[in-house]
Amino acid sequence: MKGFGVNLLGKLHLSSIQTKDLTTLGAAISILMGGLLVVILLSYTHRWKWLWREWLTTVDPKRLGVMYIIVAVLMLIRGGMDALMMRAQQATSVGSSHGVLSSSTFQQVFSAHGTIMIFFAAMGLMFGLFNLMIPLLIGTRDVAFPFLNATSFWLFCAGMVLVNMSLGIGEFSAAGWLAYPPLSELKYSPGVGVDYWIWSLQIAGIGSLMSGINFLVTILRKRCKGMTLMRMPMFVWSSLGASVLIIFAFPILTVTLFLLYLDRTLGMHFFTAGGGGNAMMYVNLIWAWGHPEVYILILPAFGVFSEVVATFSRKRLFGYRSMVWAIWAIVLLSFTVWLHHFFTMGAGADVNGFFGIMTMVIAVPTGVKVFNWLFTMYRGRIKFASPMLWFMGFIVLFTIGGVAGVVMAIPPADFQIHNSLFLVAHFHTMIVSGVLFGYFAGITYWFPKVFGFRLNEKLGKYAFYCWTIGFVLAFVPLYILGLMGATRRLDHYSSSLGWRPLFIVAGIGAVIIALGVVIQLIQLVYSILNRHEYRDVTGDPWNGRTLEWSVPSPAPSYNFAVLPEVRSRDPFWESKKAKVIHVPKKYIDVSMPKNTSSGIVIAVFALMFGFAAVWHIWILAAIGLLGLIIAIIYRLSDDNTEFILSAEKLARQDRVSDLAKEYVR
């Protein structure tokens with residue numbers, strides 16, 4: 001607390017600007033140049049007003065979903081570059097050679113990679129799909145809380161900006177992506193890196209909690225007439241389970257991060273053993289959030305696979321009720337397995353035995369889902385489009401990762417391999433094949449519904465093969481290296497160990513995955529340039545089963561001109577079988593939310609507060625907090641937040657869509 005408030009700029013000095021580490025400096029310059037290029041393009045095309053009016057101030061969940069995915073893809077590329085640097089270091093830093101990165105930079109890259117991939121890539125893709133599809137799937141026009149939804153996105157962006165600011169100003173945490181004490185305490189991490197980690201996650205995490213509340217209420221209260229709980233699409237069920245997990249798990253993260261910040265800033269000792277605290281309390285808290293977080297990410301991906309398999313097998317989803325119960329078994333059991341992340345802490349045989357058994361038990365509902373998907377495919381007329389290929393790759397890789405996880409659920413085995421690359425390979429197998437493959441399948445599957453044209457299938461399949469082959473080459477060697485004794489966070493090793501060939505193979509695999517990402521970007525650009533060729537004029541390019549395929553592509557801002565009424569689990573499929581797609585419509589005036597800039601303003605003040613808290617600029621922190629409060633009060637006092645879309649205008653727009661569909665037929 002010495003010097004509190006004396007220096008107006010806190011710990012920030014000119015020397016804080018990154019100039020020494022060429023790797024970090026290059027990354028910062030690349031981001032700045034990319035931002036400058038965007039500014040130049042927007043200025044040249046005179047699109048600033050359009051961008052502000054149509055996108056930055058929007059509360060339309062579909063547009064927010066698109067922006068979530070754009071940010072997530074950018075963060076996926078950033079996290080992927082971190083992964084390539086780590087693989088390059090491990091392949092070259094052996095014996096007398098010390099590789100391409102310093103030890104300090106490697107640890108920062110390691111920490112940033114995990115943080116960015118989980119919090120800003122995977123979570124961004126998940127919330128993107130939530131926003132794009134949940135209102136359409138449940139037959140409603142909007143989410144329950146449009147402004148809260150927009151604010152959640154902008155807080156997510158504020159956290160993303162803060163984590164990337166560490167590239168140019170200061171440093172990032174070198175304490176790992178979960179920042180275990182005592183390494184993350186002030187004694188061992190005196191710089192601002194851990195504080196950047198704390199506040200970027202804190203701001204984005206609050207946005208995630210708000211999103212969880214929003215989608216829980218949306219699913220429970222906004223479903224169309226006739227859509228009972230047991231008629232909801234499986235993606236909605238899995239999103240509901242993820243939302244419940246968010247609401248119960250993220251407050252734990254919020255409190256844990258705040259306690260760590262108090263330790264570092266006010267000299268408290270919640271987690272410092274020397275001051276009467278307990279570092280293992282932090283580990284318990286962070287994993288009480290962390291393991292549910294794994295299922296927060298993976299449950300919606302399971303929901304995507306359920307929709308994809310049913311559509312491309314031309315069959316109803318097998319075992320619908322058992323799938324629902326499996327989701328809720330996972331939700332409940334996910335809070336009973338956190339201790340398997342630190343069996344080595346010495347909790348005792350009874351505690352370890354209980355959590356080992358529960359870890360094996362939670363594999364049962366996951367296995368139920370796998371068998372249900374396989375039985376859905378059985379005797380189906382399967383079409384191997386690219387979304388279905390992502391599912392097939394998931395089944396193979398996820399099963400391998402699941403078996404490795406069951407091995408690690410045995411405490412004696414875990415004692416040997418917990419701190420090894422075996423665990424790293426297992427975790428990536430679950431997250432990449434289970435989460436990323438699922439979200440790639442969902443984006444490809446629903447892309448025409450959002451943008452009105454399909455992605456190029458051939459390039460999509462090439463990307464899938466690169467991801468799958470590259471993944472096997474990148475992570476199977478890590479399983480072997482883990483069994484050979486290679487530990488996590490390893491940036492240098494002796495040539496006598498004979499590990500280098502396997503690290504080189506892993507590096508080649510990472511390059512092939514990067515090629516898959518490049519092909520995906522080429523696929524996107526190529527599809528945009530040839531969008532007229534790939535245009536979806538029917539609204540139903542995959543012969544879908546659920547409500548989103550009953551509206552034109554791209555889906556209008558109001559989703560449904562007349563809210564649907566459903567009588568089965570696959571309402572659109574049943575209506576096509578009965579050849580009754582168009583029903584008499586009675587148009588009424590519709591109340592829609594107005595665009596607002598309040599979400600951006602709140603996020604700017606949150607970013608200001610977070611940056612000030614990192615650098616101990618207490619006057620700026622006070623300004624940021626005060627501005628945040630004023631912006632929230634101002635928005636809550638505004639009663640003019642909606643506009644009326646008249647029945648006449650709605651009918652006119654809807655008839656244009658119907659004429660287009662009939663013309664195609």
Side-chain angles (χ1 to χ4, degrees), residues 118-119 122-123 125-127 129-130 133-134 137-138 144 205 208-221 223 228-254 284-307 317 319-341 354-373 394 398 401-402 405-406 409 427 430-431 434-435 438-439 442:
I118 294 296
F119 290 94
M123 290 291 284
L125 293 173
M126 182 190 77
F127 283 128
L129 288 178
F130 278 18
M133 300 318 303
I134 286 178
L137 283 163
I138 64 175
S208 297
L209 178 60
M210 291 161 56
S211 286
I213 295 169
N214 178 45
F215 285 105
L216 175 75
V217 177
T218 298
I219 293 169
L220 293 181
R221 302 295 299 170
R223 302 188 309 276
T228 61
L229 288 174
M230 296 309 289
R231 289 177 180 170
M232 292 196 307
M234 198 54 60
F235 179 74
V236 179
W237 268 117
S238 61
S239 302
L240 180 62
S243 298
V244 170
L245 285 175
I246 289 170
I247 291 168
F248 281 98
F250 266 81
I252 301 173
L253 177 67
T254 301
N284 273 281
L285 286 171
I286 202 71
W287 280 116
W289 159 81
H291 201 83
E293 167 68 6
V294 173
Y295 291 104
I296 286 169
L297 295 175
I298 213 163
L299 279 176
F302 285 173
V304 170
F305 289 134
S306 297
E307 305 300 330
L317 186 66
Y320 178 94
R321 288 182 179 273
S322 64
M323 293 280 273
V324 172
W325 285 111
I327 287 172
W328 292 103
I330 290 172
V331 169
L332 178 63
L333 292 171
S334 68
F335 285 102
T336 67
V337 295
W338 81 88
L339 195 132
H340 72 215
H341 290 277
F354 171 80
F355 282 93
I357 292 169
M358 297 312 295
T359 301
M360 296 180 189
V361 169
I362 202 172
V364 174
T366 305
V368 167
K369 290 180 170 296
V370 170
F371 282 110
N372 282 355
W373 291 320
F394 151 78
F398 190 81
V406 173
F427 183 76
M430 308 308 284
I431 294 298
V435 176
Y439 295 155

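Worth saying up front: this structure is predicted, and the values here are computed from it rather than measured. Throughout, numbering of the chain's residues begins at 1 and tracks the sequence.
Side chains of Ile246 and Leu216 form no contact here, defined as non-hydrogen atoms less than 4.5 Å apart. Counting heavy atoms from C-beta outward, Val236 and Arg223 have side chains that stay 4.5 Å or more apart. At least one side-chain heavy atom of Glu293 sits less than 4.5 Å from a side-chain heavy atom of Phe250. Contact of the Met232 side chain with the Val324 side chain is not registered, since no non-hydrogen atoms from C-beta on lie closer than 4.5 Å. When side chains are defined from C-beta on, Leu240 counts as touching Leu220, because their heavy atoms get closer than 4.5 Å. Side-chain atoms of Leu209 and Leu253, non-hydrogen and from C-beta on, never get closer than 4.5 Å to each other. The shortest distance between side-chain heavy atoms of Ile296 and Met126 falls below 4.5 Å.
For Ser334, the side chain to side chain contact (heavy atoms under 4.5 Å, CB included) partners two or more places apart in sequence, or in a different chain, are Leu245, Pro292, Tyr295, Ile362. Partners of Trp237 under the side-chain hydrogen bond (donor to acceptor under 3.5 Å, both in side chains) rule, at least two apart in sequence or in another chain, are Tyr320. In terms of the side chain to side chain contact (heavy atoms under 4.5 Å, CB included) criterion, residue partners of Arg221 (sequence neighbours excluded) are, by chain and number, Val217. Ser322 is linked by a side-chain hydrogen bond (donor to acceptor under 3.5 Å, both in side chains) to Asn372, counting only residues two or more places apart in sequence or in another chain. Every residue was checked against the side chain to side chain contact (heavy atoms under 4.5 Å, CB included) condition with Trp325, not counting sequence neighbours, and none meets it.
Rounding to the nearest 0.5 Å places OG1 of Thr366 at 7.5 Å from CD1 of Ile298. Rounding to the nearest 0.5 angstrom, the gap separating the CD1 atom in Ile134 from the CD1 atom in Ile219 is 4.0 Å. Interatomic distance, CD1 of Ile247 versus CD1 of Ile213, reported as 5.5 Å (0.5 Å rounding).
Aromatic ring orientation, Phe355 versus Trp338: perpendicular (interplanar angle above 60°, classes split at 30° and 60°). Using cut-offs of 30° and 60° on the angle between ring planes, the pair Phe127 and Phe130 is perpendicular.
Shown here for Leu125 and Tyr439, the closest heavy-atom pair between the two residues is CB-CD1, 3.6 Å. Contact detail for Ser208 and Met123: the closest heavy-atom pair is OG-CE, 3.6 Å. Of all heavy-atom pairs between Ala242 and Leu299, the closest is N-CD1, 4.2 Å. Heavy-atom minimum distance, Ala144 versus Asn214: N-OD1, 3.7 Å.
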Exercise. What's the verdict on side chain to side chain contact (heavy atoms under 4.5 Å, CB included) for Ile327 and Lys369, showing C-alpha distance, side-chain angles and the deciding distance?
Worked result: CA-CA 9 Å; Ile327 287 172; Lys369 290 180 170 296; 3.1 Å; yes
Exercise. Hey, mind stepping through His340 and His291 against side chain to side chain contact (heavy atoms under 4.5 Å, CB included) and telling me if it holds?
Worked result: CA-CA 9 Å; His340 72 215; His291 201 83; 3.2 Å; yes
For this session: Before giving the answer on side chain to side chain contact (heavy atoms under 4.5 Å, CB included), spell out for Ile138 and Thr218 the whole-Å C-alpha distance, their side-chain angles and the decisive distance to 0.1 Å.
Result: CA-CA 9 Å; Ile138 64 175; Thr218 298; 3.9 Å; yes
Show me the side-chain donor-acceptor pairs of residues 300-307 shorter than 3.5 Å, one per line, residues at least two apart or across chains.
{"from": "Ser306", "atom 1": "OG", "to": "Phe302", "atom 2": "O", "distance (Å)": "3.0"}
{"from": "Ser306", "atom 1": "OG", "to": "Trp373", "atom 2": "NE1", "distance (Å)": "3.0"}
{"from": "Glu307", "atom 1": "OE2", "to": "Met234", "atom 2": "N", "distance (Å)": "2.9"}
{"from": "Glu307", "atom 1": "OE2", "to": "Phe235", "atom 2": "N", "distance (Å)": "3.0"}

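The environment of Phe371 atom CZ is sparse: at most 12 non-hydrogen atoms of other residues, nucleotides or ligands sit within 6.0 angstrom. The number of heavy atoms from other shown groups lying within 6.0 Å of CZ (Phe248) does not exceed 12.
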